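Everything below concerns the one structure shown next.
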Number of protein chains: 2
Amino acid sequence: MRVLKYAILGLLDKGQLSGYDITSKFKEEIGHFWSAKHSQIYPELKKLTEEGFVEYQIVIQGTKLEKKVYSITELGKKELHEWMNRYSPIPDTQKDEFMLKAYFVSSLSQEEAKQLFKDQLEKRGQAIAFLEERLQELEGKEEPVSFSSPDFGHYLVLSRALEREKGYISWLERMIAKIGG
Amino acid sequence: MRVLKYAILGLLDKGQLSGYDITSKFKEEIGHFWSAKHSQIYPELKKLTEEGFVEYQIVIQGTKLEKKVYSITELGKKELHEWMNRYSPIPDTQKDEFMLKAYFVSSLSQEEAKQLFKDQLEKRGQAIAFLEERLQELEGKEEPVSFSSPDFGHYLVLSRALEREKGYISWLERMIAKIGG
DNA sequence: TCCGACATGTAAGGTGTTACATGATTTC
DNA sequence: GAAATCATGTAACACCTTACATGTCGGA
């Protein structure tokens, strides 16, 4: 499938980036749904260059530091577009270690189970406020964010990430009540 | 982290299973949140045996077919319990190829974007009816399913899987309306 | 008698993480 | 001057999927 390949092509389609920049992007908004470490990104960029999907220029930062600034090629754009319109099957497993523990809940006492769920609720709750702020920033700029807005992709990932967390939390709260004790 | 190790220990804690049985379990309810292929399971069982967390008896099926039936050891139970009560950090990335495409939506025309989202909605919708049935089966048996019920873990994964899909679908519907066109 | 399910394994290759390794630039 | 950030790469290892490989059992 080589999803990382398309993630990089998609990022470069929005503008020129160095390997370091791409690493940073994966720590921001898109990081909620895809990410990679620099140790995976640099070899992938090398491969994409060899395949002709991207190209780079060396830019000098300061006096000595060499930086490779990558751009997507026409071939790369074609490849990206093909993937965007290709049907990608929905995986039947979305791995979630907490839910695996939840499935084995019978191996715990009622108190332990309640603690497990409460810990999860607390940790999940922390992310929400931050996401809510980002989304309001975006909606404050231009309401409503529409398809033609350059921020629409950003809006999509933020709103989805927020709702995913909200749904998880409301389920956790109901299950904690059900565990009782 | 070796999550597969704990997944296997958790399954064996509920009862004796062969490698084939474990493979089957990952195709059922827990498969929504964790799974592995038999090619990963058999070597892991060998390793867990060497480590003393599980043990097996050879059982003859029919006249010739040898089957290894695994059980969890006391050491394995201790190890499972330690993991169940250990804090596992929530990963900040939950990979989702569709959301990656959504982030790159600006590289598509309005028609292509709408098609992408509608295809996703259609595929996600197919799973729901099936999940709803399973859950109703469970709730029909004993309402409400409580902590002390042997089906509580099953209930947790089913209800979470169903709500996850419902949340995804309602978001998709709203975004399709927003794309317009 | 054939087919699908039961049953167990290994090999090769792709994907992803952690650690190793180095150096320049900017900010306090 | 020290620390954080910018910048690029490789090595080792863990995890996961696809394919290879073999054979039995039960039912239609």
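All values derive from a computational prediction rather than experimental measurement. Letters go in sequence order (proteins before strands), and every chain restarts at 1.
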How would you give the extent of chain B contacts on DNA chain C, as first and last nucleotide 5' to 3' within a 4.0 Å heavy-atom cut-off?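 Range of nucleotides touched by chain B: dA5(C) to dG16(C).
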
Roughly how bent is the helix from dT1(C)-dA28(D) to dC28(C)-dG1(D) end to end, in steps of 10 degrees, with each end axis from five pairs?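 It comes to 30° between the two terminal axes.
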
Distance-only check: which donor-acceptor pairs under 3.5 Å involve side-chain atoms of residues 8-15 of chain B, not counting sequence neighbours?
from	atom 1	to	atom 2	distance (Å)
Lys14(B)	NZ	Tyr103(A)	O	3.3

Taking atom types as modelled, is there a side-chain donor on [X] or [Y] under 3.5 Å from an acceptor on the other?
X         : Y         : result
Trp34(A)  : Thr93(B)  : no
Tyr155(A) : Arg160(A) : no
Glu55(A)  : Thr73(A)  : no
Glu97(B)  : Ser88(A)  : yes
Ser24(A)  : Asp21(A)  : no

Lys67(B) or Glu44(A): which one's nearest nucleotide on DNA chain C is closer to the 5' end?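 With Lys67(B) and Glu44(A) compared, the 5'-side residue is Lys67(B).
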
Nucleic acid contacts - residues 21-43 of chain A versus DNA chain C, non-hydrogen atoms under 4.0 Å: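 Trp34(A), Lys37(A), Ser39(A), Gln40(A) - these, ordered by number, are the residues of the stretch whose heavy atoms sit under 4.0 Å from the strand.
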
[N] [atom2] sits how many Å from [X] [atom1], rounded?
X        : N       : atom1 : atom2 : answer
Met1(B)  : dC13(D) : CE    : C1'   : 14 Å
Asp92(A) : dC16(D) : CG    : C1'   : 15 Å
Lys68(A) : dC6(D)  : NZ    : C1'   : 16 Å
Lys5(B)  : dC16(D) : NZ    : P     : 14 Å
Arg2(A)  : dT18(D) : CZ    : P     : 16 Å

Base, sugar-phosphate, or nothing: which does Lys95(B) touch, judged by heavy atoms less than 4.0 Å apart?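 Result for Lys95(B) = sugar-phosphate.
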
Using 4.0 Å as the upper bound for N to carboxylate O, is an ion pair formed by [Y] and [X]?
X         : Y         : result
Arg2(A)   : Glu79(A)  : no
Arg174(A) : Glu163(B) : yes
Glu137(A) : Arg134(A) : yes

Under 3.5 Å donor-acceptor pairs involving side-chain atoms of residues 117-131 of chain A, not counting sequence neighbours:
from	atom 1	to	atom 2	distance (Å)
Asp119(A)	OD1	Gln115(A)	NE2	3.0
Gln120(A)	OE1	Arg124(A)	NE	3.0
Gln120(A)	OE1	Arg124(A)	NH2	3.4
Glu122(A)	OE2	Gln126(A)	NE2	3.2
Arg124(A)	NH1	Glu165(A)	OE1	3.4
Arg124(A)	NH1	Glu165(A)	OE2	3.1

Check the interface with nucleotides 25-28 of chain D: list each N/O to N/O pair with the protein under 3.5 Å, or write none.
from	atom 1	to	atom 2	distance (Å)
dC25(D)	OP1	Gln61(B)	O	3.1
dC25(D)	OP1	Thr63(B)	N	2.7
dC25(D)	OP1	Thr63(B)	OG1	3.3
dC25(D)	OP1	Lys64(B)	N	2.5
dC25(D)	OP1	Leu65(B)	N	3.1

Between Met1(A) and Tyr6(A), which heavy-atom pair has the shortest distance, and what is it?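 Looking at all heavy atoms of both residues, the closest pair is O-CE1, 3.5 Å.
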
Nearest 0.5 Å, please: how far is CD in Glu139(A) from CD in Gln136(A)?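 Rounded to the nearest 0.5 Å, the CD-CD separation comes to 7.0 Å.
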
What is the distance from atom OG of Ser18(B) to atom CD of Gln61(B), rounded to the nearest 0.5 Å?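 Interatomic distance, Ser18(B) OG to Gln61(B) CD, rounded to 0.5 Å: 8.5 Å.
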
